[in-house]
*Asks:* 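The structure under discussion is supplied below as structure tokens; questions concerning it will follow.
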Amino acid sequence: YLEDEEKINKLKEEEDIDSEVINMLSKSNNMFLRMAVAIHQSTKKDILLILSNDEEWDVKDAIDFRELPKEWKYLDSYEKVDKLQESENIDEKVLKILSKSRDFSIRLAVAENKLTPISILQKLQNDDDDDVREAAKKSLKK
């Protein structure tokens, strides 16, 4: 009888959730709930496979974001961009994962980040988004 927001919070807080509950929540109409299921460590591969074909790219990104450290994992897109712009120390693995986001604003923030390695910038200079491409090219010139 929990509201969707309460379910999402439980998924963020509890590490071990019954697979039947995860399965049921993965079929929700709420994109944010499906995202929370996709990023949760208890979610089994068969459910992840179904979610990888979700119509929402945010849900697909959540699957990729499973590999992020906890302090990055549950941030929304705006918070990820802010953290990319403000952090003095970002692990290369985080930058690599975020550089593959389907959200252009996250890729743009990675391209503009002074800590982004050349190998990632070289890939981003071929991005589908003009702003990301230009930011990567500009960062490579520095």
Side-chain angles (χ1 to χ4, degrees), residues 1-136 138-140 142:
Y1 299 107
L2 297 174
E3 296 290 324
D4 284 349
E5 189 66 33
E6 294 171 304
K7 292 173 188 172
I8 292 168
N9 287 332
K10 278 207 175 277
L11 284 165
K12 288 179 182 178
E13 295 164 6
E14 295 183 22
E15 290 186 20
D16 219 13
I17 297 182
D18 183 81
S19 61
E20 288 302 316
V21 173
I22 293 276
N23 185 36
M24 186 171 35
L25 295 176
S26 73
K27 298 173 183 167
S28 171
N29 290 329
N30 184 316
M31 173 189 75
F32 298 104
L33 192 49
R34 293 193 315 276
M35 287 170 59
V37 168
I39 209 162
H40 197 276
Q41 292 306 120
S42 290
T43 304
K44 303 241 186 286
K45 288 182 181 179
D46 59 329
I47 294 173
L48 290 173
L49 185 60
I50 293 167
L51 292 174
S52 71
N53 293 310
D54 198 278
E55 70 262 5
E56 298 291 340
W57 57 262
D58 288 310
V59 176
K60 296 174 187 176
D61 264 358
I63 294 170
D64 297 335
F65 294 163
R66 292 166 56 86
E67 301 302 316
L68 288 171
K70 194 166 188 154
E71 68 268 17
W72 285 89
K73 192 179 288 195
Y74 294 108
L75 299 176
D76 66 30
S77 293
Y78 299 111
E79 292 168 323
K80 283 180 176 77
V81 168
D82 287 345
K83 192 165 180 161
L84 282 163
Q85 292 170 341
E86 297 166 2
S87 293
E88 300 277 328
N89 186 16
I90 303 173
D91 187 279
E92 186 175 327
K93 180 181 176 186
V94 170
L95 292 165
K96 186 174 184 178
I97 292 168
L98 295 178
S99 74
K100 297 175 185 174
S101 173
R102 289 161 185 85
D103 184 331
F104 86 93
S105 64
I106 292 175
R107 295 192 317 276
L108 179 61
V110 170
E112 293 174 336
N113 190 290
K114 64 181 187 256
L115 300 171
T116 302
I118 291 172
S119 60
I120 295 173
L121 291 172
Q122 287 171 333
K123 289 179 183 169
L124 289 175
Q125 71 179 347
N126 297 315
D127 196 89
D128 292 337
D129 185 86
D130 292 340
D131 293 333
V132 174
R133 274 196 314 270
E134 291 307 312
K138 185 176 177 183
S139 291
L140 280 167
K142 291 181 182 176

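Bear in mind the structure is a predicted one, so any value in this text is a computation, not a measurement.
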*Asks:* Can you tell me how far CD of Glu5 sits from CD1 of Ile8, rounded to the nearest 0.5 angstrom?
*Replies:* 5.0 Å

*Asks:* For Leu124 and Ser99, work out which heavy atoms get closest and say how close.
*Replies:* CD2-O, 3.7 Å

*Asks:* Does a side chain donor of either Gln41 or Lys73 reach within less than 3.5 Å of an acceptor in the other side chain?
*Replies:* yes

*Asks:* Pairs in or reaching into residues 46-55: which pass salt bridge (Lys or Arg N to Asp or Glu O under 4.0 Å), with residues at least two apart or in two chains?
*Replies:* Arg34-Asp54, Arg34-Glu55

*Asks:* Could you grab the distance from atom CD1 of Ile106 to atom CZ of Arg102, nearest 0.5 Å is fine?
*Replies:* 11.0 Å

*Asks:* Could you list all the salt bridge (Lys or Arg N to Asp or Glu O under 4.0 Å) pairs where at least one residue sits in residues 107-128, not counting sequence neighbours?
*Replies:* Arg107-Asp127

*Asks:* To the nearest 0.5 Å, how far apart are CG in Leu11 and CD1 in Ile22?
*Replies:* 5.5 Å

*Asks:* How long is the span from the OG atom in Ser28 to the NZ atom in Lys7, to the nearest 0.5 Å?
*Replies:* 6.5 Å

*Asks:* Where do Ala38 and Ala62 come nearest, in terms of heavy atoms and distance?
*Replies:* CB-CB, 3.8 Å

*Asks:* Examine distances only and state if a side-chain atom of Ser87 and a backbone atom of Leu84 form a donor-acceptor pair shorter than 3.5 Å.
*Replies:* no

*Asks:* Does the side chain of Ser101 pick up a donor-acceptor pair with the side chain of Asp103 at under 3.5 Å?
*Replies:* no

*Asks:* First locate atom CD1 of Ile17, then atom OG1 of Thr43, and finally report the distance between them rounded to the nearest 0.5 Å.
*Replies:* 8.0 Å

*Asks:* Nearest heavy-atom pair of Asp131 and Leu108: which atoms, and what distance?
*Replies:* O-CD1, 3.5 Å

*Asks:* Would the distance check show the side chain of Ser42 and the main-chain N or O of Glu15 forming a donor-acceptor pair, the cut-off being under 3.5 Å?
*Replies:* yes

*Asks:* With side chain to side chain contact (heavy atoms under 4.5 Å, CB included) as the criterion, how do Arg66 and Leu48 come out once you've worked through the C-alpha distance, each side chain's angles and the decisive distance to 0.1 Å?
*Replies:* CA-CA 11 Å; Arg66 292 166 56 86; Leu48 290 173; 3.6 Å; yes

*Asks:* Would Lys83 pass as a cation-pi partner of Trp72, given that its NZ or CZ must be under 6.0 Å from the six-membered ring centre and within 45 degrees of the axis?
*Replies:* yes

*Asks:* So do Lys100 and Asp64 actually touch side chain to side chain, heavy atoms under 4.5 Å?
*Replies:* no

*Asks:* In Å and rounded to the nearest 0.5 Å, what is the OG to CD1 distance from Ser52 to Ile63?
*Replies:* 5.0 Å

*Asks:* What do you reckon, is CZ of Phe32 surrounded by more than 12 foreign heavy atoms closer than 6.0 Å?
*Replies:* no

*Asks:* Can you tell me if Ile118 has over 12 outside heavy atoms packed within less than 6.0 Å of its CD1?
*Replies:* no

*Asks:* Please check this pair: side chain of His40 against backbone of Met35, looking for a donor-acceptor N/O pair closer than 3.5 Å.
*Replies:* no

*Asks:* Kindly check if the number of other-residue, nucleotide or ligand heavy atoms within 6.0 Å of CG (Asp18) is above 12?
*Replies:* yes

*Asks:* Start with the C-alpha distance between Tyr74 and Glu79, add both sets of side-chain angles, then the distance that settles side chain to side chain contact (heavy atoms under 4.5 Å, CB included), and finish with yes or no.
*Replies:* CA-CA 9 Å; Tyr74 294 108; Glu79 292 168 323; over 6 Å; no

*Asks:* Evaluate the side-chain proximity of Pro117 to Leu95: yes if any heavy-atom separation is below 4.5 Å, no if none is.
*Replies:* yes

*Asks:* Verify the neighbour count for atom NZ of Lys60: are there more than 12 heavy atoms of other residues, nucleotides or ligands below 6.0 Å?
*Replies:* yes

*Asks:* Is any side-chain heavy atom of Met31 less than 4.5 Å from a side-chain heavy atom of Glu56?
*Replies:* yes

*Asks:* Got more than 12 heavy atoms from elsewhere within 6.0 Å of CD, Glu92?
*Replies:* no

*Asks:* Is the shortest heavy-atom distance from the side chain of Leu68 to the side chain of Lys80 under 4.5 Å?
*Replies:* yes

